[in-house]
Structure formats: structure tokens, C-alpha cells
Amino acid sequence: MHFIFDLDETVIDSSHRQGETLAEWIALNTPENVAKDTLLPLADQMQKVYDAGHTVTVCTSRVLSDHDFESFRTLGLRFDNMLSRSLFDGNENPGSLKLRLLQDLAKRQGISWARFCRTAMMFDDNQDVIDTLKNNSLRVINPVNYNSRNKAV
């Protein structure tokens, strides 16, 4: 089975570095703020399926820095594939971006999109992503209820 996880507000709490504008986002994404990221409850499930030998892909619509990858190591996040926005993707909406990234992954793996969808499940909190991927046959679960029920106090 192939499990796909979004990052922000799905497996990582990075709410302290979410800006309203691109300028705010850039200002908030300092190495010090990245280091403040914490895991959400679904991260435990992500690691359990990884440890069980399933394929785990992280698919995020943000541009990742070296500081993000250091944070993943510090937090103990393990995954097989990392898909993220590049600096060249511009303002492509999250749904179409993730659809394109996942279709490219299926192609690189030498499998059809239909087969990929039959063997994959995604966790994402963004409604555009949920709608776009569900409309393209991928199972998508919104983890918001899971994280709010199981969030450590």
C-alpha cells in the first residue's frame, strides 16, 4: 500500500510560520521558526505504516529549504519520497500541483494512474487538494478530525 501525507497541519504543526502574504511567509520561515515545528498525532501513524514496510510519500505544496529537511531528521520523520513545490512552480494551486506531482511519481514508477490510485491513500487538509484528487480517483482523507481528537494537550 502507498500512503501519501501532506505536511502542514496534517503531520506537522507549523502554524507559527504561516503568513498571509508571500513576504510574511518568507519572514516567518527562518531557521529558528522551522526548528519550532512539532509533530501532530497523525505523524505517529505515518511512522507506523513506514515501519510496517509500506511506501510513504510526503507531498506538500510548499517550497522546502535545507532547514525543513534538518527539521524532518530532528523530528524523526522517515519517508520514501518527497514531493514539493519548486521555485519554478509559481502560484499553481495546491490541488493541481499535487495532482501533477503524484501523476509524475506514478509515471516514474512505471505504473498507470489508475493502478496508482487503487493502491494509494492520501491524507491532506486542503479542500482544493481533496476535491481535485478525489475527482481524479485518488482516495483522500482529511486528517483534521483525527488530529483534533488525538492532539496532545
Side-chain angles (χ1 to χ4, degrees), residues 1-15 17-19 21-22 25-26 28-29 31 33-35 37-147 150:
M1 188 74 179
H2 192 148
F3 293 90
I4 306 154
F5 294 87
D6 174 46
L7 285 176
D8 301 315
E9 307 319 308
T10 300
V11 294
I12 292 178
D13 181 356
S14 59
S15 57
R17 55 186 181 116
Q18 303 297 311
T21 66
L22 179 59
W25 183 86
I26 290 170
L28 290 170
N29 278 271
N33 263 357
V34 172
D37 287 357
T38 58
L39 295 177
L40 291 170
L42 193 59
D44 288 337
Q45 296 305 313
M46 178 179 158
Q47 295 312 288
K48 285 178 183 174
V49 296
Y50 180 88
D51 291 342
H54 296 284
T55 301
V56 172
T57 295
V58 172
C59 187
T60 181
S61 59
R62 65 174 155 108
V63 175
L64 298 174
S65 70
D66 290 342
H67 304 293
D68 288 300
F69 286 98
E70 181 58 35
S71 175
F72 302 153
R73 283 187 290 279
T74 300
L75 293 170
L77 284 182
R78 292 164 297 151
F79 44 84
D80 299 292
N81 306 294
M82 174 58 74
L83 306 175
S84 65
R85 183 182 300 274
S86 78
L87 292 173
F88 307 107
D89 288 324
N91 293 326
E92 185 175 2
N93 69 47
S96 63
L97 172 74
K98 289 185 179 186
L99 176 62
R100 180 174 54 79
L101 292 172
L102 290 167
Q103 287 176 329
D104 288 347
L105 177 63
K107 187 176 184 178
R108 286 193 309 275
Q109 293 177 340
I111 61 174
S112 69
W113 179 247
R115 181 172 175 218
F116 183 88
C117 291
R118 282 193 306 274
T119 60
M121 175 184 297
M122 182 169 191
F123 298 87
D124 202 297
D125 65 312
N126 181 292
Q127 195 60 50
D128 175 54
V129 172
I130 293 168
D131 294 342
T132 300
L133 292 173
K134 279 187 173 182
N135 287 337
N136 283 276
S137 303
L138 186 64
R139 286 177 286 179
V140 185
I141 296 169
N142 187 333
V144 171
N145 291 336
Y146 178 87
N147 281 330
N150 297 294

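Predicted model, so just to flag it, every value in this text is computed and none were measured.
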Rounded to the nearest 0.5 Å, what separates atom [atom1] in [X] from atom [atom2] in [Y]?
X	Y	atom1	atom2	result
L77	I12	CG	CD1	5.0 Å
N142	D125	CG	CG	6.0 Å
I141	K134	CD1	NZ	8.5 Å
D13	L40	CG	CG	5.0 Å

**Request:** Take T57 and H2 through the side chain to side chain contact (heavy atoms under 4.5 Å, CB included) test and state the conclusion after the steps.
**Result:** CA-CA 8 Å; T57 295; H2 192 148; 2.6 Å; yes
**Message:** List the residues meeting side-chain contact (heavy atoms from CB on, under 4.5 Å) with R115, not counting sequence neighbours, and say none if there are none.
**Reply:**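 Expected list: I111, S112, R118.
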Are the side chain of [X] and the backbone N or O of [Y] linked by a donor-acceptor pair below 3.5 Å?
X	Y	result
E9	S14	yes
N33	L28	yes
S96	N93	yes
D131	L133	no

**Prompt:** Which word best sums up how the rings of F123 and F5 line up, parallel for under 30°, tilted for 30 to 60°, or perpendicular for over 60°?
**Reply:**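 The arrangement is parallel - the two ring planes meet at less than 30°.
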**Asked** Relative to each other, are the rings of F69 and F72 parallel, tilted or perpendicular (30° and 60° limits)?
**Response** perpendicular
**Item:** L97, L101, L64, V58 screened by side-chain contact (heavy atoms from CB on, under 4.5 Å) with L83, the one that passes
**Value:** L101
**Request:** Would you mind telling me which of D128, D104, D124 makes a salt bridge (Lys or Arg N to Asp or Glu O under 4.0 Å) with K98?
**Result:**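 Exactly one candidate clears the test, D124.
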**Message:** Quick one, M1 and M121 - any side-chain contact, counting heavy atoms below 4.5 Å?
**Reply:**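 With C-beta onward as the side chain, the pair touches.
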**Message:** I want to check something: taking the side chain as every heavy atom from C-beta on, are L102 and M122 in contact at a cut-off of under 4.5 Å?
**Reply:** yes
Shortest non-hydrogen contact from [X] to [Y]?
X	Y	answer
C59	I4	CB-CG2, 3.8 Å
L138	A120	CD1-CB, 3.8 Å
S137	C117	O-CB, 3.3 Å
T60	D6	CA-OD1, 4.1 Å

**Asked** Is any NZ, NE, NH1 or NH2 atom of the basic residue among E92 and R85 found under 4.0 Å from an Asp or Glu carboxylate oxygen of the other?
**Response**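 No, E92 and R85 are not salt-bridged.
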**Request:** Evaluate the criterion side chain to side chain contact (heavy atoms under 4.5 Å, CB included) for residue pair T10 and L42; output intermediate values, then yes/no.
**Result:** CA-CA 7 Å; T10 300; L42 193 59; 3.8 Å; yes
**Prompt:** Are M46 and F79 close enough, and set up right, to give a side chain to side chain contact (heavy atoms under 4.5 Å, CB included), and what steps lead you there?
**Reply:** CA-CA 9 Å; M46 178 179 158; F79 44 84; 4.3 Å; yes
**Complete:** The complete set of salt bridge (charged side-chain N to carboxylate O under 4.0 Å, His left out) pairs with one or both residues in residues 57-80, sequence neighbours excluded, reads D8-R62, R17-D68, D51-R78, R62-D68, E70-R73
**Asked** Can you check side chain to side chain contact (heavy atoms under 4.5 Å, CB included) on F116 and Q109, steps first, answer last?
**Response** CA-CA 9 Å; F116 183 88; Q109 293 177 340; 4.0 Å; yes
